[in-house]
Amino acid sequence: MPQMSMIEAIRDAMDVKMGQDDDVVVYGEDVGYFGGVFRCTHGLQKKYGKHRVFDSPINESGIVGTAIGMGAYGLRPCIEIQFADYIYPAYDQIVSEAARLRYRSNKDFIAPLTIRTPCGGGIFGGQTHSQSPESLFTHVAGIKTVIPSNPYDAKGLLIAAIEDNDPVIFFEPKRLYNGPFDGHHDRPASNWSKHPLGDVPEGHYTVPIGKASVFSEGSDVTILTYGTMVYVAEAAKKETGIDAEIIDLRSLMPLDVDTIVESVSKTGRCMVLHEATQTSGFGAELAAQVQERCFYNLESPVVRVCGWDTPYPHAQEWDYFPGPGRVGKELKAMMEAE
Amino acid sequence: MPQMSMIEAIRDAMDVKMGQDDDVVVYGEDVGYFGGVFRCTHGLQKKYGKHRVFDSPINESGIVGTAIGMGAYGLRPCIEIQFADYIYPAYDQIVSEAARLRYRSNKDFIAPLTIRTPCGGGIFGGQTHSQSPESLFTHVAGIKTVIPSNPYDAKGLLIAAIEDNDPVIFFEPKRLYNGPFDGHHDRPASNWSKHPLGDVPEGHYTVPIGKASVFSEGSDVTILTYGTMVYVAEAAKKETGIDAEIIDLRSLMPLDVDTIVESVSKTGRCMVLHEATQTSGFGAELAAQVQERCFYNLESPVVRVCGWDTPYPHAQEWDYFPGPGRVGKELKAMMEAE
Amino acid sequence: MSEYKPLKFHVPEPTGRPGDEPDFSGVIIPEAGSVRRPSIDTHAADMKELASTMVRVLNKDGEAVGPWAEGLDDDILVQGLKNMIRVRAYDERMMTLQRQGKTSFYMKCTGEEAIAVGFRAAMQKGDMNFPTYRQQGLLLSTDYPVVDMICQILSNSRDPLKGRQLPIMYSSKEHGFFSISGNLGTQFIQAVGWAMASAIKGDTKIAAGWIGDGSTAETDFHAALVNASVYKPPVVLNIVNNQWAISSFRGIAGGDHATFAERALGYDFPALRVDGNDFLAVYAASKWAVERARRGFGPTLIEWVTYRVAPHSTSDDPSQYRPKEESSAWPLGDPILRLKNHLIKRDLWSEERQTQTEAQYNDEIRAATKEAESYGVMGSGASPKDMFDDVYEEMPPHLREQRQKLGV
Amino acid sequence: MSEYKPLKFHVPEPTGRPGDEPDFSGVIIPEAGSVRRPSIDTHAADMKELASTMVRVLNKDGEAVGPWAEGLDDDILVQGLKNMIRVRAYDERMMTLQRQGKTSFYMKCTGEEAIAVGFRAAMQKGDMNFPTYRQQGLLLSTDYPVVDMICQILSNSRDPLKGRQLPIMYSSKEHGFFSISGNLGTQFIQAVGWAMASAIKGDTKIAAGWIGDGSTAETDFHAALVNASVYKPPVVLNIVNNQWAISSFRGIAGGDHATFAERALGYDFPALRVDGNDFLAVYAASKWAVERARRGFGPTLIEWVTYRVAPHSTSDDPSQYRPKEESSAWPLGDPILRLKNHLIKRDLWSEERQTQTEAQYNDEIRAATKEAESYGVMGSGASPKDMFDDVYEEMPPHLREQRQKLGV
Ligand SMILES: Cc1ncc(C[n+]2csc(CCOP(=O)(O)OP(=O)(O)O)c2C)c(N)n1
Ligand SMILES: Cc1ncc(C[n+]2csc(CCOP(=O)(O)OP(=O)(O)O)c2C)c(N)n1
Ligand SMILES: [Mg+2]
Ligand SMILES: [Mg+2]
């Protein structure tokens with residue numbers, strides 16, 4: 001099986017779908033000739049032509065707005081917003097238009113678009129290259145929100161997203177593009193080429209939207225997480241020796257409630273872990289649901305470990321980032337609580 | 001004491017501040033000569049002149065963007081977004097600019113703006129005149145979010161917002177503009193002129209941002225709510241006879257955690273009630289915090305009663321709206337749980 | 001410092017407010033027939049002045065004159081008059097419904113009928129409009145069932161949108177009418193995207209975007225112009241300048257001294273400014289722009305100069321902010337009257353046919369209304385079950401759970 | 001259907017890609033001195049052609065010619081040359097810091113120095129710039145401490161922004177330099193708002209907005225033009241057209257066949273298009289627009305025509321998307337060289353002074369860098385405690401709690 005980085009897997013997903021379906025088009029800022037600032041679309045313009053892979057003006061509302069029009073025509077646009085931090089100018093088109101179109105037109109028109117966008121921190125990118133705005137989308141009825149944590153899922157989820165007849169926001173944790181990252185920024189970077197989840201099948205396959213994966217089984221505590229934090233959770237598990245069950249949610253909306261409930265019912269404790277700022281982050285929804293659904297199984301409160309409620313700072317990045325140290329400390333505290 | 005509707009109280013707050021402080025300016029779509037589609041700024045242009053109260057182009061990003069520039073100059077703009085549903089085009093200016101300016105410039109520049117915007121349903125306004133997007137702002141570090149439920153608080157909070165040196169989103173539950181509304185849409189409307197909270201002192205006073213009010217004391221269960229739903233909670237309390245303590249949060253960010261914890265510690269049960277769609281609504285944050293802080297006092301899970309996770313429908317408004325029937329049913333179910 | 005005088009803040013004001021006499025002396029109206037008609041492949045740079053003047057065909061005597069008068073099909077003109085009469089009959093009846101409390105909301109297009117009706121006549125089956133709430137004429141000049149339109153307004157059991165949308169927010173893919181949004185301007189860039197798709201697929205269909213004068217200030221107006229400029233897709237971008245945006249006049253959108261058509265001048269595609277109350281000018285300009293697009297010569301921006309005779313909506317009272325007589329003083333007249341006079345002059349029409357046609361459409365709409373009312377009024381036919389459908393293609397578990405909770 | 005040929009999708013392409021010869025034959029460069037200089041109160045409609053040509057002062061022989069050459073102060077020209085040399089020295093040194101791993105990120109303005117330096121020279125104390133990341137020249141031609149600038153880049157213990165911002169995102173109210181944002185275009189409308197405030201207060205200060213050619217596509221560009229059009233505030237809106245936006249050329253912003261200055265044509269305020277590598281033209285045009293604004297005649301849009309000689313940032317490699325020799329083939333030359341030659345020709349400068357000045361600024365920046373490094377490099381001086389401050393004026397309880405949790 002070919003070994004791919006997350007960038008290659010994402011590119012391969014688009015390649016597979018463009019090869020199968022003439023209606024798939026790919027565009028965004030710098031994605032055409034150059035192939036994207038993270039190179040995710042590299043080579044696609046050469047292969048599929050300028051009319052299917054092209055640069056767009058620097059107007060995010062226009063990128064999404066044109067995609068909605070194309071979707072209404074019958075195309076299946078897979079568009080890139082260069083950084084998730086730059087998705088806000090497109091927020092109205094996403095929330096008021098893409099999300100509502102099927103409903104308000106009684107399915108006369110649909111918006112089968114995929115919006116790919118790199119998210120998350122850990123690359124010393126400062127306030128506007130590090131954000132994790134997923135909860136701003138999970139609140140919006142009509143949108144699906146997914147976030148893979150490895151090349152295999154990235155390819156399968158992206159193919160599923162492109163094939164989906166509803167708008168999907170596809171977050172790409174940029175810190176994972178080249179290798180899994182456990183939060184120990186001071187240790188040598190590892191690489192997907194040496195990781196089993198870097199094994200990516202050729203051709204078409206999907207990872208279903210709406211299904212979580214149990215990343216690592218355990219019995220002491222459930223950690224609900226996604227994206228980069230999956231590996232941070234793993235590192236904390238290893239370092240504390242606490243037998244955590246790590247659930248990689250993969251899809252935030254729809255959410256795989258069954259997998260969550262099953263795990264928390266078993267462990268009796270739950271931590272929610274994400275990079276985004278804590279208040280009204282997606283962790284709030286997870287904590288609310290876990291206590292609603294597993295209240296009588298819980299031995300201690302659901303704990304949230306998240307980015308602090310500040311803008312994402314540049315130089316204080318590793319104080320901001322919820323690394324394995326903080327996670328481990330909270331895990332230990334949880335195990336002592338009762 | 002003068003009796004005021006919420007519209008009058010809001011207008012009076014602006015009037016008081018404009019009279020005291022030449023740096024306060026008021027603008028937005030239709031707010032100048034006409035005085036706003038809900039008439040909140042009626043008469044202010046005549047009194048303070050076109051250079052301090054004026055119409056703006058229909059460009060919400062421009063309304064907020066110019067206000068940020070004015071704030072940097074030293075003014076204190078109090079601007080109107082005609083409906084909260086139309087705030088999304090301004091989302092980038094709010095999130096990336098107003099919210100971050102103090103932090104990123106190390107307080108070299110600040111954004112002391114107040115963004116007034118009518119929110120909420122119950123007026124048969126359909127998808128785009130009914131939304132409650134508050135949690136899309138509570139997630140953003142650097143913004144304050146408030147929402148009054150009566151004329152007294154509206155005036156005091158708006159004066160506090162205008163005087164605040166940080167950006168404040170001031171949500172106005174439009175269903176309450178003319179009178180308290182208990183969710184029984186089929187009963188005659190009541191009016192602020194007959195309500196004690198319609199007593200509004202003349203001149204300057206403030207209601208502090210960050211402090212909740214105990215709207216109605218009780219011992220069985222705590223209901224955390226705000227805006228229109230305060231009166232729905234009250235109606236459900238009356239109709240079920242369940243002795244609920246109703247807390248009107250008033251300020252969502254900063255949140256008055258102490259008042260919440262005190263009440264839930266006493267009652268041992270908690271309902272969170274809002275109009276916004278449930279998933280990732282502000283209720284998620286409330287539920288998460290209550291179980292974090294009061295876990296060992298809780299006799300049953302925190303229950304959320306919210307708008308359904310659909311776009312706000314037009315004709316099904318009263319099926320969508322979490323009215324006293326639904327609230328009462330959930331209250332009863334909660335009291336039976338243990 | 002003292003060298004400079006204090007700056008003054010400039011806020012544009014309309015020529016009149018309640019109590020004032022209407023004053024349209026600033027509206028410059030070129031002679032009918034005086035504006036040239038370039039070939040459809042003319043480069044934008046070679047027709048810039050057309051953004052600053054006004055294409056007009058009907059002169060004071062009701063004659064069709066000048067280059068834009070050529071090649072207009074009589075049948076289309078007659079049909080156009082009929083459609084406009086139909087639109088007006090529809091608007092009047094719907095207002096009555098609102099006054100009767102059978103719908104909560106309505107928006108008329110009185111005085112602006114020529115624009116949507118004339119433009120639609122220049123389109124072909126398969127083309128797509130991205131309308132605002134004031135282009136009912138686009139639907140009403142197709143065979144879209146008027147009963148369905150009224151059912152939408154009544155949010156009843158036969159409402160094609162299942163009660164989910166505010167009255168008048170129609171949608172019909174089959175009839176080339178994109179789902180109307182409550183958020184201003186968003187559709188303008190979507191039209192450009194649809195046209196890009198048509199070009200990407202090597203199709204021959206064109207798109208039309210619609211926007212009001214006030215809404216040109218919205219960000220997505222610019223998105224549309226930029227993308228139209230870059231990719232040159234087959235799209236016609238229509239600005240309906242009816243002088244008012246609720247209570248604010250065109251000057252608050254920056255349209256007092258510059259024309260809205262001139263906005264295209266910096267984007268390398270042509271613009272036309274057209275008398276929107278002159279059906280012949282509307283149809284001729286529409287044909288020109290639609291043909292230009294379909295032949296691969298790219299986008300056109302058109303400013304239709306007209307006047308919002310009606311209140312903004314049933315929630316609005318214009319006597320609060322503009323001179324009472326302004327609408328009757330509007331110098332471009334009434335589009336129905338002007339076309340009627342022209343056709344009568346040419347013996348293609350008569351006062352009797354006018355009266356008959358008005359009666360015929362009044363009857364049609366009255367009957368359709370009656371039928372529609374039989375399915376319910378004021379949301380009475382809408383089902384709470386429909387509330388949970390079509391949020392997604394397949395209902396996700398959390399919505400199934402919520403639907404169960406509501407017990408529907 | 002068959003009557004029409006399939007549509008084609010148009011995607012603009014630059015004149016060259018890697019491997020190609022640079023081709024600037026499409027760039028039309030009018031003679032220096034050939035463009036008229038209207039009085040500052042000229043109405044927009046009476047100077048439209050200035051958006052389509054190019055104001056140039058320095059001719060091929062390095063002489064200052066034409067109406068825009070009049071009344072330029074020699075001292076300002078000499079100081080301008082010095083400031084440009086200083087900016088270039090700064091850029092080079094910061095690049096070295098990045099290569100040495102002392103900062104993660106830097107952005108140069110090589111080839112564009114005349115614009116910010118020349119514009120700043122036309123401003124007064126109290127005026128405010130709303131810059132992008134490529135206007136370091138604005139700060140570097142004031143007395144803002146260069147050590148502080150470098151400390152910001154190093155995110156060290158003396159960083160005036162406490163390590164919170166990406167390198168180069170300076171802020172200095174006192175020096176008329178608004179906090180740089182990472183989000184493109186947002187500052188353009190903020191500049192308009194600041195200018196509105198100045199007019200509202202009857203002040204005499206003006207604002208200047210800055211934006212790149214690629215970023216003119218952003219929605220806030222339009223917001224700025226619309227609000228400038230409506231309220232006519234004292235603002236100069238500067239577009240730095242350096243031909244590239246990361247890997248995409250000006251055509252992807254719709255600037256291939258129309259000029260960016262022409263965007264103002266539909267908004268009823270004037271535009272100038274200026275040779276941005278001609279310091280004299282830059283200064284003259286800036287003075288004109290700044291004076292126009294300050295005298296109450298409203299906004300001006302200026303397109304500065306230049307070339308991004310540098311990579312987009314230290315993360316970028318332009319050889320991946322444009323011809324290698326393109327920057328040296330740029331027909332408007334190097335701004336420093338052109339001003340130097342002019343001043344030497346006029347005996348206001350000499351090769352020796354040039355060499356001396358270069359050395360002097362190299363030394364200054366080297367020393368400043370050394371000093372700055374003593375406060376730490378690569379974020380080493382930033383404190384986690386500072387992370388929680390200034391989110392709000394007063395720290396709310398939840399942030400106090402979080403800070404305690406982190407134990408700082
Ligand atoms: C984004 C957004 N902002 C504000 C509104 C409220 N609004 C509805 S119609 C309208 C005026 C539009 O005027 P114009 O574009 O001239 O169209 P007209 O009504 O004259 O046809 C306004 C401000 C809205 N619907 N959407
Ligand atoms: C809203 C937003 N979208 C995208 C980006 C990513 N980005 C940073 S610089 C840039 C190119 C800007 O080009 P231009 O405006 O021409 O300025 P230049 O770099 O040439 O000075 C892009 C796309 C961003 N910073 N903000
Ligand atoms: Mg209008
Ligand atoms: Mg550029």
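Order of the sequence lines fixes the chain letters, A, B, ..., with proteins taken first and strands second; residue numbering starts at 1 for each chain.
Ring centers of A:Y88 and B:Y88: at least 6.0 Å apart, outside the cut-off. Within the 6.0 Å centre-distance limit, the rings of B:H314 and B:F124 are counted as a close aromatic pair. A ring-centre distance under 6.0 Å is found for A:Y91 and A:F137.
Of the listed residues A:A99, A:P89, A:P311, the one with more heavy-atom pairs under 4.5 angstrom with chain B than any other is A:P311. When B:E285, B:H139, B:M253 are compared by the number of non-hydrogen pairs under 4.5 Å with chain A, B:H139 comes out ahead. When the candidates A:G283, A:C294, A:A276, A:A141 are compared by the number of heavy-atom contacts under 4.5 Å with chain B, A:A141 comes out ahead. When each of B:I94, B:T128, B:T138, B:L298 is scored by its heavy-atom pairs under 4.5 Å with chain A, the top score falls to B:T138. The candidate with the highest count of non-hydrogen atom pairs below 4.5 Å against chain A, out of B:V290, B:D309, B:L255, B:L136, is B:L136. Most heavy-atom pairs under 4.5 Å with chain B: of the set A:A284, A:S280, A:G126, this distinction falls to A:S280. Ranking B:S96, B:S135, B:P133, B:G142 against chain A, the residue ahead of the rest is B:S135, based on heavy-atom pairs under 4.5 Å. Contacts with chain B were tallied for A:Q291, A:E60, A:Q93; A:Q291 has the most, counting heavy-atom pairs under 4.5 Å. Heavy-atom pairs under 4.5 Å with chain A were tallied for B:R304, B:Q131, B:R100; the largest tally goes to B:R304.
Between A:M334 and A:V303, the shortest heavy-atom distance links the atoms CG-CG2, 3.6 Å. Nearest approach of A:T66 to A:I63, heavy atoms of both residues: OG1-O, 3.1 Å.
B:V302 touches chain A through backbone and side chain together, each having a heavy atom under 4.5 Å away. With a 4.5 Å cut-off on non-hydrogen atoms, A:R293 does not touch chain B at all. Within the 4.5 angstrom heavy-atom criterion, atoms from both the backbone and the side chain of B:E292 approach chain A.
Using the six-membered ring where Trp is involved, B:F295 and A:F295 have ring planes that are tilted, between 30° and 60° apart.
Remark: B:R326 qualifies as a cation-pi partner of B:W308 under the 6.0 Å distance and 45° angle criteria applied to the six-membered ring.
With respect to B:D220 and B:R269, no salt bridge is recorded, no charged nitrogen being found less than 4.0 Å from a carboxylate O.
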